[in-house]
Visitor: 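Questions regarding the structure given below will be posed in turn.
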There are 2 protein chains.
Amino acid sequence: MPEKISRRMTLQRKTILNILRQTNSHPSADEIYESVRKQLPRISLGTVYRNLEVLANMGIIQKLELGGTIKRFDWNPNKHYHIRCLCCGKVDNAPIAPLNKLEDELYGATVFSIIGHRLEFEGFCPDCTKREAQKT
Amino acid sequence: MPEKISRRMTLQRKTILNILRQTNSHPSADEIYESVRKQLPRISLGTVYRNLEVLANMGIIQKLELGGTIKRFDWNPNKHYHIRCLCCGKVDNAPIAPLNKLEDELYGATVFSIIGHRLEFEGFCPDCTKREAQKT
DNA sequence: TTGATAATAGGAATGATTATTATTAGTATT
DNA sequence: AATACTAATAATAATCATTCCTATTATCAA
């Protein structure tokens, strides 16, 4: 399928992009929807999903498929890794350079043709670490 | 919460475990359900989910949270990586040793307390590679 | 202005998973 | 063996994120 991608920047698209760029919290579609609604009260959740998809396909933003069930979005389209809080789901950037040589180790060792990899760190954010410590 | 884990091996549990151990295909809960049904026609999908969870908590099997929406299960509870086909979702083991030093690079560089990481390779399985090649 | 195309809002539908509940099976104690 | 107790089950309902559908509206080109 040739998958024609539209590149028109509608008001909805611009608004979503602006809101995403104002945050470092890697929000979910639903969180973005709640924010956008303050500026465009009539926007629909479906529009948010579709436009996040479009913006990701345009390479302007990045769709994150991390552990857990929900997808998150990152204003930074460049490849980088993330840390996810196992307690509250919060996501932060992982300050580590991309491992570009990883795929090489697999050449010849697998029948799959390898495109890339996804790496994600798991841990606890400061808030949840503190909360756990208080319990004891 | 202390979360008491039962360790009783019921017939359903044994059957699920056996079926999982007979395959290397990292099946989803639904696929396991379909297989188990041939031996225990009256088993319910909920039982399959619950027992897969129990077996994973017992450390006997491993629950995989890979990219995409569905969870898959692995009879091998030891830490190892996987390759996922971007086309059909098939999952295979990745013949590469665990990267135990990865977390070290983040110490002091993040406010999160790090527990571990998840690494997953993406690519195309032989079947899907072939199919794609034929299209052109 | 008119048609063609793309984007939208709103809501319905889907799909995987989890929760609920009444019932049954298993175990230990007398 | 009868009892009481707990855990596990089947069946189904509920949930939650996401995708799909449809009628309407906006945008652009001729």
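Here is how names work: the chains are called A, B, and so on, in the same order as the sequence lines, proteins then strands, and each is numbered from 1.
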Visitor: For a quick test of reading the model: is some side-chain N or O of A:Arg13 closer than 4.0 Å to OP1 or OP2 of C:dT8?
Guide: yes
Visitor: Measure the distance from CD1 on B:Ile16 to C1' on D:dT9 and round it to the nearest whole Å.
Guide: 11 Å
Visitor: Between A:Gln12 and C:dA9, is there a side-chain N or O to OP1/OP2 distance below 4.0 Å?
Guide: yes
Visitor: Return no unless some side-chain N or O of A:Thr10 is found under 4.0 Å from OP1 or OP2 of C:dT8.
Guide: yes
Visitor: Separation of B:Asn57 atom CG from D:dA8 atom P, in whole Å?
Guide: 12 Å
Visitor: Show the nearest heavy-atom pair for residues B:His117 and B:Lys79, with the distance to one decimal.
Guide: O-NZ, 3.2 Å
Visitor: For A:Ser44 and A:Tyr33, which heavy atoms make the closest approach, and how far apart are they?
Guide: C-CE1, 3.8 Å
Visitor: Give the rounded distance in Å between these two atoms: OH of A:Tyr33 and P of D:dT18.
Guide: 14 Å
Visitor: Who are the side chain to side chain contact (heavy atoms under 4.5 Å, CB included) partners of B:Ser25, not counting sequence neighbours?
Guide: B:Thr23, B:Pro27
Visitor: Nearest whole angstrom, please: distance from the P of C:dA7 to the CD of A:Glu53.
Guide: 14 Å
Visitor: In residues 42-52 of chain A, which ones come under 4.0 Å of DNA chain C, going by heavy atoms?
Guide: A:Arg42, A:Ile43, A:Ser44, A:Thr47, A:Arg50, A:Asn51
Visitor: Using the ring of each side chain (for Trp, its six-membered ring), is B:His26 parallel, tilted or perpendicular to B:His82, with breaks at 30° and 60°?
Guide: perpendicular
Visitor: Short of 4.0 Å, heavy atom to strand atom, which residues of residues 66-74 of chain B count as contacting DNA chain D?
Guide: none
Visitor: Quick one: which of B:Leu52, B:Asp74, B:Asn76 gives a side-chain contact (heavy atoms from CB on, under 4.5 Å) with B:Ile61?
Guide: B:Leu52
Visitor: Using a side-chain heavy atom cutoff under 4.5 Å and only I, L, V, M, F, W and Y, what cluster partners does A:Leu66 have?
Guide: A:Leu64, A:Val91
Visitor: Suppose we screen for ring pair (Phe, Tyr, Trp, His ring centres under 6.0 Å). Which residues come up paired with B:Phe124, at least two apart in sequence or across chains?
Guide: none
Visitor: Could you tell me which residues satisfy side chain to side chain contact (heavy atoms under 4.5 Å, CB included) with A:Asp92, sequence neighbours excluded, listed by chain and number?
Guide: B:Phe112
Visitor: Is there a side-chain contact (heavy atoms from CB on, under 4.5 Å) between A:Ile60 and A:Arg21? Walk through the geometry before answering.
Guide: CA-CA 11 Å; A:Ile60 293 178; A:Arg21 283 183 174 159; 3.5 Å; yes
Visitor: What is the distance, to the nearest angstrom, from the CD atom on A:Glu65 to the C1' atom on D:dT19?
Guide: 14 Å
Visitor: Whole angstroms only, please: what is the CD-P distance between A:Glu34 and D:dA17?
Guide: 11 Å
Visitor: Nearest whole Å is fine: how far is D:dT25 C1' from A:Arg8 CZ?
Guide: 11 Å
Visitor: Rounded to whole angstroms, how far apart are CG on B:Leu11 and P on D:dT9?
Guide: 9 Å
